[in-house]
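Notes for the one structure printed next.
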Amino acid sequence: MNFLNNLDLLSVAVAIAGIGILGFSVYFRNRNSDTNNNFFVFSLFAILWSVLNYISYQVTNPLVGIFIIRLVLIAALWMAYSLFEFFTVFPKEKVLENRRKNFFIVSYVFIVSLITFSPVTVKDISTLTPAGTVATFTKGMGIFLFGMTVLFFILAGIFNLLKKTLKTNGNERKQYMYILCGFVVTFFLLVVFNFVFPAVLNNARYVPLGALFILPLIVCTFYAIQSGFLNIKVFSTSILIFILSIATFLEIIFSTGLILIIFRTSIFLLVLSFGIFLIKNVVKEVEQREKIEKQEKEMEIINTKLGAANERLKELDKQKSEFIGFASHQLRSPLTAIKGYASLVLEGDYGEISEDLRHAAQIIFESANTLVTVVADYLNVSSIELGQMKYDFQVFNLMDLAKSVIEELKQNVEKKGLKLEFECDASKTYFVKADREKIKQVFMNIIDNSAKYTPKGGVKVSLAKNSFGKILFAVKDTGIGISKNTIPKLFAKFIRAKNANETNIRGTGLGLFIAKEIITAHEGRIWVESEGEGKGSQFYVELNEKKS
Ligand code: ADP
């Protein structure tokens, strides 16, 4: 082999390695994409054609020569067919397969391959170069079928591509333009060097370099498929593998002796397969990173959407609280009027009334009374939610307040047949700095609850203080008790225990929620203890003592 031959071989090897690396990296980048797979198949046929094309100009044995030339033509046929398929599919990830049509075309290409392989197409070697290699061959009729088929595939493919190009614009059109440019360059090179030179100028010198002429199409198409994706990591790995393959290949060319050639060829193959494996992994890693980045972006979008939805919900919640506040406020005056007039009727301000009328007036009065508490509860909740609860802090003795609350409730509790006791060391003082009305509301609610949920027995109220500056108000009853599961939820809005309905049907489940808000605003604590259902309950309120 002379130096020129070595140079030829080197350039063909560079081109083949290039085609292979680009083909494989496209394939590994997305194995599920029809476009990528078709490109991969095209690059495989291009490699096959390039290798055979090169070899066909090296063999000196006419019999082997004719055999290889037939193979070159067949490879060219399949290459043209795969190019047509690729152009038709590009840039779709998935195309609907028409099995019948595919079967028909593939069978046709098979038949043309068989005809191309027979003497009908390539009859004989007609001329040989001075070196004894094949220069031209005698063509049979079959060459027309071959030529027309190849031409058809190329023209039909480019027609499909042009049609799609015209329908696109912007970035997508750019992709098509890359391929078209690559195609024009490759087509031009092939026509000039593989057709004009040998046929017109009688110079077949450049025909073996076919692989080099295909490279522009492959490179441009690769770039288009990746749609500008040229990850620096994948790119530099590919270049590195490319250089390594070339270097090891060069060593084969310049080696003398069969053993050395075999040894260096194995090294070359090893480098190539390892290289492809490496590229595959780098592509995978890059893809994973891209996927994660995409997911992160999606999460960001979801978060912003959630944030907006949350804001909207807050706004709606605010509107709801405002509405409840407004509605409750509007209900208050007519209710006070109903309650007032019912009480006047009961007290005889409108003269003597019959027992039936008294009974009716009593029901009106009690119902209006219940409604007043319910409305007051809703008003309170609305103020809490709007952050508009106002507190008027002043220093007072909690014992006085507890006593007056007991006084107020005693009659009603005892009417139910329950005992109401109060226990407190009167020699001590129980000063707190608090909103008297609000604390009264809490105490009333707790004692009232105990009376409501205690069918028999009694309610014991106590007030005590410890040496840590805390005052403890406790209400113990012998009532229906509270189950362990309900206790943690009891101070939430609208929570009513299952057993509550059996004893006291009327109730909003708001009293304790409001009580908790009030006590928390006083930096105090409120909690409940119970051994379980039917075993009574103990409610506790702890406030800070105000030392004078
Ligand atoms: P309401 O009494 O209007 O339902 P509250 O917020 O005052 O609302 O009380 C919430 C729930 O706590 C009641 O429905 C009841 O199930 C339970 N509860 C409150 N106090 C007692 C008690 N002393 N004994 C048993 N259960 C109680």
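Indexing begins at 1, ligand by ligand and atom by atom, following the structure's order. Hydrogens, waters and symmetry mates are skipped; everything else that's a heavy atom, side chains included, is used.
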Which atoms of ligand 1 have any heavy atom of [X] under 4.0 Å away?
X: Ile495; answer: 10 (C), 11 (C)
X: Gly481; answer: 25 (C)
X: Asn445; answer: 7 (O)
X: Asp477; answer: 22 (C), 23 (N)
X: Ser450; answer: 23 (N)
X: Leu490; answer: 12 (O), 17 (C)
X: Leu510; answer: 6 (O), 8 (O)

Checklist line | Ring geometry between Phe491 and Phe539 (parallel below 30°, tilted from 30 to 60°, perpendicular above 60°) | finding: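 The arrangement is perpendicular - the two ring planes meet at more than 60°.
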
Next item on the list: Give the ring-plane orientation class for Tyr223 versus Tyr178, where under 30° counts as parallel, over 60° as perpendicular and anything between as tilted.
Entry: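 Perpendicular.
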
Under a heavy-atom criterion of less than 4.0 Å, does [X] contact ligand 1?
X: Phe491; result: no
X: Lys452; result: yes
X: Ser537; result: yes
X: Ser530; result: no

Note to self: Among Phe84, Phe42, Trp78, exactly one meets ring-ring contact (aromatic ring centres under 6.0 Å, His included) together with Phe153. Which residue is that?
What the structure shows: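 It is Phe84, the one option of Phe84, Phe42, Trp78 that forms the ring-ring contact (aromatic ring centres under 6.0 Å, His included) with Phe153.
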
Notebook entry, point to check: Cut-off 3.5 Å, side chains only: do Glu366 and Gln362 have a donor facing an acceptor?
Noted result: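 Glu366 vs Gln362: donor-acceptor pair found between side chains.
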
Any nitrogen or oxygen of [X], main chain or side chain, under 3.5 Å from a nitrogen or oxygen of ligand 1?
X: Ile482; value: no
X: Phe539; value: no
X: Ala500; value: no
X: Asn499; value: no

Check: When the aromatic ring centroids of Phe40 and Phe24 are compared, is their separation below 6.0 Å?
Finding: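 Yes, the ring centres sit under 6.0 Å apart.
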
Note to self: Are Phe222 and Phe39 an aromatic pair, judged by ring center distance below 6.0 Å?
What the structure shows: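 Centroid distance Phe39-Phe222: not below 6.0 Å, so no.
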
Next item on the list: Using a 4.5 Å cut-off on heavy atoms from C-beta on, say whether the side chain of Phe473 contacts that of Leu543.
Entry: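 Sidechains of Phe473 and Leu543: no contact.
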
Checklist line | Heavy-atom nearest neighbour of atom 5 (P) of ligand 1 within options Ile446, Val528, Leu512 | finding: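 Closest candidate by heavy-atom distance is Leu512.
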
For residues 277-285, tabulate all N or O donor-acceptor pairs below 3.5 Å that involve a side-chain atom, not counting sequence neighbours.
from   : atom 1 : to     : atom 2 : distance (Å)
Glu285 : OE2    : Lys233 : NZ     : 2.7
Glu285 : OE2    : Arg289 : NH2    : 2.9

Checklist line | Within 6.0 angstrom of Phe494 CZ, more than 12 heavy atoms from elsewhere | finding: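 It does: Phe494 CZ has more than 12 such atoms within range.
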
Next item on the list: Classify the contact between Ile480 and ligand 1 as side chain, backbone, both or neither, using a heavy-atom distance cut-off of under 4.0 Å.
Entry: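 The answer is the side chain of Ile480.
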
Check: At a non-hydrogen distance cut-off of under 4.0 Å, which region of Thr508 contacts ligand 1 (side chain, backbone, both, or neither)?
Finding: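 It is both backbone and side chain that touch ligand 1.
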
Next item on the list: Answer yes or no for Lys438 and Tyr391: cation-pi contact, defined as NZ/CZ to six-membered ring centre under 6.0 Å and angle to ring axis within 45°.
Entry: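 Lys438 over Tyr391 ring: yes.
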
Next item on the list: Would you confirm whether Asn38, through its side chain, and Phe90, through its main-chain N or O, come within 3.5 Å as a donor-acceptor pair?
Entry: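 A pair under 3.5 Å: no.
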
